[in-house]
Amino acid sequence: LLNLPINDKGLDVHWSGKDDISAREIVKDTGKFIHIHPVSQCMYKCINDKIMAQVIDYCELELKTKVVLTAAPVDQELERIVNILKYTKSKPIDLSGKLTLLEASALNKLAQMLIVVDTAIMHIATANDVPVLAFFGPTAVDNWGPWDKALTETTYQRKGGMQQHGKHRVLMDNRECVPCSQTGCNNSGVSDCLNTLNLDLIKENIRNTLNEKKKIRVLHTEWSDGWGGQEIRIINEMLALREKGVEVFLACRDHAVIKQKALENNIQVFILPFRGNADFKTLFALKGLIKKHSIDIVNTHSGKDTWV
């Protein structure tokens with residue numbers, strides 16, 4: 001209506017001081033921990049219990065990081081947790097059914113990351129800005145995937161495999177039928193695509209999610225709407241930096257061709273007007289982005305964005 005650029009699509013979740021104290025008391029002697037919410041009321045969204053048990057043991061025994069389990073106070077979810085724990089060699093902290101939603105939200109805020117199926121706590125974690133590794137199968141990631149609150153554009157596509165949106169990762173099988181939008185294979189209540197997820201790939205993405213906090217962050221800016229040698233070089237440079245472990249971002253105008261090229265390569269994009277050399281609106285928006293996303297380096301490429 002006001003024709004103003006949207007620079008923030010992030011949401012926040014709030015809880016009481018009592019909930020915060022309760023959550024901190026629970027993990028006061030734990031140190032760093034990984035929050036795992038392995039179940040959903042829709043059981044066809046869950047991965048194999050033995051694989052989930054191995055994920056828990058990997059975090060506890062190999063990464064030497066405590067795991068805190070949560071689940072809703074629902075019989076079928078609690079029964080599933082009991083079955084998972086039958087296969088674990090480690091001793092995670094099991095809070096399944098013991099927390100209110102707000103207590104679980106406060107606890108999640110303290111975690112290093114959340115490992116989860118497609119369920120509500122995943123979206124709470126994104127509001128908390130806690131990195132998510134989510135397992136998807138029948139449901140469409142382009143509709144329901146975890147959204148990095150720092151971003152204004154989606155990079156998700158309706159297909160399988162590993163996809164990433166900012167700090168969040170989604171793992172899916174590469175089957176052609178994914179996503180099917182059914183309640184399991186042939187509506188059976190069981191999803192083969194989730195039960196056969198590769199454990200080594202899960203472990204790799206847990207490591208990568210935890211290590212991503214240490215990455216250098218570089219923001220590239222480009223005023224031009226066109227697509228030529230400079231814009232091609234910027235995309236290639238960003239891809240090369242990403243290969244070296246650098247986290248890259250692009251700030252450009254909404255109708256710029258480079259915006260779509262960046263999104264096609266899963267590069268995170270911020271939309272800014274870049275109206276001229278004395279564009280104070282863009283200046284303050286850019287300053288806010290740099291602060292909010294802990295940008296280490298800004299690499300400018302055209303006259304107007306360089307002046308800003």
Check: Going hydrophobic residue to hydrophobic residue with side-chain gaps under 4.5 angstrom, can you get from Trp15 over to Met122?
Finding: yes
Check: Taking atom CD1 of Ile232 and atom CD1 of Ile235, what is their separation to the nearest 0.5 Å?
Finding: 9.5 Å
Next item on the list: Flag the pair Asp12 and Lys149 as a salt bridge only when some basic side-chain nitrogen lies within less than 4.0 angstrom of an acidic carboxylate oxygen.
Entry: yes
Margin query: I need the Glu62 CD to Lys203 NZ distance, nearest 0.5 Å.
Written below: 4.5 Å
Next item on the list: Mind checking ring pair (Phe, Tyr, Trp, His ring centres under 6.0 Å) for Tyr44 and listing every partner two or more places apart, or none if nothing turns up?
Entry: none
Notebook entry, point to check: Transitively linked via ILVMFWY side-chain contacts under 4.5 Å: Trp147 with Ile271?
Noted result: no
Check: What distance separates Cys59 SG from Leu210 CG, expressed to the nearest 0.5 Å?
Finding: 7.5 Å
Next item on the list: Group every Ile, Leu, Val, Met, Phe, Trp and Tyr by side-chain heavy-atom contacts under 4.5 Å, then state whether Leu171 and Val39 land in the same group.
Entry: yes
Can you give each donor-acceptor pair under 3.5 Å made by side-chain atoms of residues 127-135, sequence neighbours left out, with the distance rounded to 0.1 Å?
{"residue": "Asn128", "atom": "ND2", "partner": "Ser105", "partner atom": "O", "Å": "3.1"}
{"residue": "Asn128", "atom": "ND2", "partner": "Asn108", "partner atom": "OD1", "Å": "3.0"}
{"residue": "Asp129", "atom": "OD1", "partner": "Lys167", "partner atom": "NZ", "Å": "2.9"}

Margin query: Quick check: closest heavy atoms across Ile216 and Val246, and the distance to 0.1 Å?
Written below: O-CG1, 3.4 Å
Checklist line | Shared hydrophobic cluster for Met43 and Ile84 (ILVMFWY, side-chain gaps under 4.5 Å) | finding: no
Margin query: Under a 3.5 Å cutoff, is there a donor and acceptor pairing between the side chains of Asp19 and Ser16?
Written below: yes
Next item on the list: Classify the side-chain pair Thr196/Asp173 by whether it contains a donor and acceptor separated by less than 3.5 Å.
Entry: yes
Margin query: Do Gln230 and Ser224 pair up side chain to side chain, a donor and an acceptor below 3.5 Å, judged on atom types alone?
Written below: no
Checklist line | Side-chain (Gln163) to main-chain (Gln157) donor-acceptor, under 3.5 angstrom | finding: yes
Checklist line | Asn205 backbone acceptor or donor facing Thr209 side chain under 3.5 Å | finding: yes
Next item on the list: Compute whether any side-chain donor of one residue and acceptor of the other, for His165 and Thr155, lie under 3.5 angstrom apart.
Entry: no
Margin query: Could you check whether Asp57 pairs with Lys89 (Lys NZ or Arg NE/NH1/NH2 to Asp/Glu carboxylate O, under 4.0 Å)?
Written below: no
Notebook entry, point to check: Does a donor on one side chain and an acceptor on the other come within less than 3.5 Å for Asn186 and Ser188?
Noted result: no
Note to self: Assess the residue pair Phe249 and Val269 against the criterion (side-chain contact (heavy atoms from CB on, under 4.5 Å)); give the C-alpha distance rounded to whole Å, side-chain angles, the decisive distance to 0.1 Å, and a yes or no.
What the structure shows: CA-CA 6 Å; Phe249 306 82; Val269 177; over 6 Å; no
Note to self: Once rounded to the nearest 0.5 Å, what's the spacing between atom CD of Gln260 and atom CH2 of Trp227?
What the structure shows: 10.5 Å
Note to self: Determine whether Lys66 and Glu60 satisfy the following criterion, salt bridge (Lys or Arg N to Asp or Glu O under 4.0 Å), listing intermediate values before the conclusion.
What the structure shows: CA-CA 5 Å; Lys66 199 64 186 171; Glu60 290 239 337; 3.4 Å; yes
Notebook entry, point to check: Atom CG of Leu250 and atom CD of Glu153: how far apart are they, to the nearest 0.5 Å?
Noted result: 11.0 Å
